[in-house]
Amino acid sequence: MSEEEVRKGLAGVIADYTAISKVNPDSNSLLYRGYPVQELAASKSFEAVALLLWTGELPREEELTVFEAFERANRSLDSRVKAAIDLLPLDCHPMDVGRTAVSVMGANHALAQDSSPEAELDKAQSLFAQFPAVVAYDQRRRRGLGIVQPRTDLDYSANFLWMTFGEEAAPEVVDAFRVSMVLYAEHSFNASTFTARVITSTLSDLHSAVTGAIGALKGPLHGGANEAVMHTFEELGIRSDESREEAATRAKAWMEDALAAKKKIMGFGHRVYKNGDSRVPTMKAALERMITHYKRPEMMGLYDGLEEAMGEAKAIKPNLDYPAGPTYHLMGFDTDMFTPLFIASRITGWTAHIMEQRAANALIRPLSAYNGVAERHVA
Ligand code: CMC
């Protein structure tokens, strides 16, 4: 194989078919099973979107009711998962907690080794229901707080915030959280989804594939970017007494220096979208509602200042992680909990891809072009 045929990072390589989502960078659109993601984010619950990704269709009312009942009945943190989390140091990264929790869930799931479509869907739905309790408990234990039991009278998003903060969130906060979950749910062959498909292609089990996907998501070039965006804001310094304009001026100056120092700015750029990430306008609108709700205009100043300076200097646009990071910050999550929130959402897309891969499997095993020393022999 000649060197020209090597596609570093598999850039531009079409690795397989998928019917789950379509990214169209030219029209700046993202479709889940044919539906524009911004339409789903405008009117559908995250529970309905999860069913859409798994089954291919938006659920009828009775189907949604059945799934909601299942989700509400399976929200509690399993005692074995809690015991495993309690063994982990408080200063380990929360992504390590998420990865470990999913692994423990796999070891304990009665259908762990059953890869029939019914068992796979059951495992996917159990993960969906149980993962929020992992994030909520981990956030609380790091603050020296005890576990908050789930409430069955709240929907997925409201209950997630309830279990994390121990108080009912305002409806607009619940809605912004729901929007983030819908937008993060699926994005075709991104690095973590591809990882899940590679693992599934060996006929390994669903929990192993999700555990591996979490490892891929942790990196700052992928899911870890939402956390890294907040580090940028923190480095800049968030000053609640500053006006939007003052914050924007300071942010622009910071960005100019950072780019002059050839820094890579997290939350900007995308392998597929070169003219802007299709999910950003919807998430930015949700961030703006949070800025109004929490009365924090200076955060929007930092956001706009960085975006403007990046646009002027390099014409690189923000990706979803850019508005998602400050949104989660305003809601009260610690910065290192942002990527586990991404897991809670992407569990839907990953497991839909795992099921799709299994249904038409081919072992994923590419070739490599050797560039090491020529053949030699032991003396
Ligand atoms: N800051 C500064 N320069 C950048 C950035 C950035 N965020 N992104 C791209 N560039 C520059 C890069 O330095 C390169 O310039 P040059 O040609 O002069 O060397 C050029 O743009 C092309 O960049 P690349 O890294 O080769 O492009 P890629 O398609 O391999 O990378 C990316 C895409 C997402 C890895 C990259 O844009 C990046 O590292 N962004 C920051 C991390 C980030 O926000 N990741 C989240 C991705 S979206 C959510 C997700 O999928 O999880």
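Remember, it's 1-based here, ligands and their atoms both numbered in the order they're listed.
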J.: Counting only non-hydrogen atoms of the protein, does one fall under 4.0 Å from atom 29 (O) of ligand 1?
T.: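 Yes, because at least one protein heavy atom sits under 4.0 Å from atom 29 (O) of ligand 1.
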J.: Answer yes or no for Lys263: is there a heavy-atom contact with ligand 1 below 4.0 Å?
T.: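 Contact check Lys263 vs ligand 1: positive.
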J.: To the nearest 0.1 Å, how far is atom 49 (C) of ligand 1 from its closest protein heavy atom, and which atom is that?
T.: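 Result for atom 49 (C) of ligand 1: Asp321 OD2, 3.2 Å.
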J.: Any protein heavy atom under 4.0 Å from atom 20 (C) of ligand 1?
T.: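 Under 4.0 Å from atom 20 (C) of ligand 1, zero protein heavy atoms found.
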J.: Of Lys252, Arg250, Arg244, which meets salt bridge (Lys or Arg N to Asp or Glu O under 4.0 Å) against Asp304?
T.: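 Exactly one candidate clears the test, Arg244.
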J.: May I ask which of Arg346, Lys262, Lys314 has a heavy atom nearer to atom 15 (O) of ligand 1 than the others do?
T.: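 Going through Arg346, Lys262, Lys314 one by one, Lys314 has the nearest heavy atom to atom 15 (O) of ligand 1.
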J.: With under 30° as parallel and over 60° as perpendicular, where do the rings of Tyr322 and Phe268 fit, or are they tilted in between?
T.: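 Answer is tilted, since the angle falls between 30° and 60°.
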J.: If we ignore hydrogens and angles and just use 3.5 Å, is the side chain of Asn190 paired with the main-chain N or O of Thr193 as donor and acceptor?
T.: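 Yes, Asn190 side chain to Thr193 backbone: donor-acceptor pair under 3.5 Å.
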J.: Could a heavy atom of Ile316 be found less than 4.0 Å from some atom of ligand 1?
T.: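 Yes, Ile316 has heavy atoms under 4.0 Å from ligand 1.
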J.: Answer with side chain, backbone, both or neither: which part of Asn190 has a heavy atom less than 4.0 angstrom from an atom of ligand 1?
T.: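 Near ligand 1, Asn190 shows nothing, with every heavy atom at 4.0 Å or more.
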J.: Do Leu306 and Ile265 have side-chain heavy atoms sitting under 4.5 Å apart?
T.: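 Of all side-chain heavy-atom pairs linking Ile265 with Leu306, none is under 4.5 Å.
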J.: Quick check on Leu320 - does any of its heavy atoms sit under 4.0 Å from an atom of ligand 1?
T.: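 No.
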J.: Just checking Glu234: does its CD atom have more than 12 heavy atoms from other residues, nucleotides or ligands closer to it than 6.0 angstrom?
T.: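 Count over threshold, so yes.
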J.: Return yes or no for this condition: an N or O of Leu221 is under 3.5 Å from an N or O of ligand 1.
T.: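 Indeed, backbone or side chain, Leu221 has an N or O that close.
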J.: Which heavy atom of the protein is the closest neighbour of atom 7 (N) of ligand 1, given with residue, atom name and distance?
T.: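 Result: Ile265 O, 2.6 Å.
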J.: Would you mind writing out the side-chain donor-acceptor pairs for residues 371-379 within the sub-3.5 Å range, not counting sequence neighbours?
T.:
unit_1, atom_1, unit_2, atom_2, d
Glu375, OE2, His377, NE2, 3.3

J.: If you count the non-hydrogen atoms of other residues, nucleotides and ligands that lie under 6.0 Å from NZ in Lys284, is the total more than 12?
T.: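 Atom NZ in Lys284 is crowded, with more than 12 foreign heavy atoms closer than 6.0 Å.
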J.: Which hydrophobic side chains are connected to Leu154, either touching it within the sub-4.5 Å cutoff or through other members that do?
T.: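 ILVMFWY cluster around Leu154 also holds Val148, Trp162, Met163.
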J.: Report yes if some N/O of Phe342 lies less than 3.5 Å from some N/O of ligand 1; otherwise report no.
T.: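 There is no such contact.
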J.: Students should be able to answer this: which protein heavy-atom is nearest to atom 27 (O) of ligand 1, and at what distance?
T.: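 Residue, atom and distance for the closest contact: Lys274 NZ, 4.2 Å.
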J.: Which ligand 1 atoms, with their elements, are less than 4.0 angstrom from a heavy-atom of His270?
T.: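 It comes down to these atoms of ligand 1: 33 (C), 34 (C), 37 (O), 48 (S).
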J.: Going by the atom numbers of ligand 1, which of them fall below 4.0 Å from some non-hydrogen atom of His222?
T.: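 Once the distances to His222 are compared, the set is 46 (C), 50 (C), 51 (O), 52 (O).
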J.: Can a protein heavy atom be found under 4.0 Å away from atom 23 (O) of ligand 1?
T.: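 So atom 23 (O) of ligand 1 lacks protein heavy-atom neighbours under 4.0 Å.
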J.: So is Pro220 touching ligand 1 or not, going by heavy atoms under 4.0 Å?
T.: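 Pro220: in contact with ligand 1 (<4.0 Å).
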J.: Return yes when atom CG of Asp114 has more than 12 non-hydrogen atoms of other residues, nucleotides or ligands closer than 6.0 Å, and no otherwise.
T.: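 Atom CG in Asp114 is crowded, with more than 12 foreign heavy atoms closer than 6.0 Å.
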J.: For Ile14, look at atom CD1 and say whether over 12 heavy atoms of other residues, nucleotides or ligands are found less than 6.0 Å away.
T.: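 Counting neighbours around CD1 of Ile14, 12 or fewer heavy atoms of other residues, nucleotides or ligands fall under 6.0 Å, so no.
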J.: For atom 42 (C) of ligand 1, what's the nearest protein heavy-atom neighbour? Residue, atom name and distance, please.
T.: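 Answer for atom 42 (C) of ligand 1: Met266 SD, 3.3 Å.
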J.: Which residue and non-hydrogen atom of the protein lie closest to atom 8 (N) of ligand 1, and at what distance in Å?
T.: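 Nearest protein contact, heavy atoms only, for atom 8 (N) of ligand 1 is Phe268 O, 3.8 Å.
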J.: If you take all heavy atoms of Leu217 and Thr339, which pair is closest and at what distance?
T.: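 Looking at all heavy atoms of both residues, the closest pair is O-CG2, 3.8 Å.
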J.: Quick check: closest heavy atoms across Arg178 and Ala41, and the distance to 0.1 Å?
T.: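 What the structure gives for the nearest pair is NH2-O, 2.7 Å.
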J.: Which ligand 1 atoms does Gly267 reach within 4.0 Å, using its non-hydrogen atoms?
T.: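 Per the distance check, 43 (C), 44 (O).
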J.: Any donor and acceptor pair, going by atom type alone, linking the side chain of Glu47 with main-chain N or O of Tyr156 inside 3.5 Å?
T.: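 It does hold such a pair.
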J.: Out of all atoms in ligand 1, which are within 4.0 Å of some heavy atom of Ala225? Include the element for each.
T.: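 Those of ligand 1 that fall under 4.0 Å from Ala225 are 43 (C), 44 (O), 45 (N), 46 (C).
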J.: For atom 33 (C) of ligand 1, which of the options Arg271, Lys264, Met310, Lys317 provides the nearest non-hydrogen atom?
T.: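 The nearest heavy atom belongs to Arg271.
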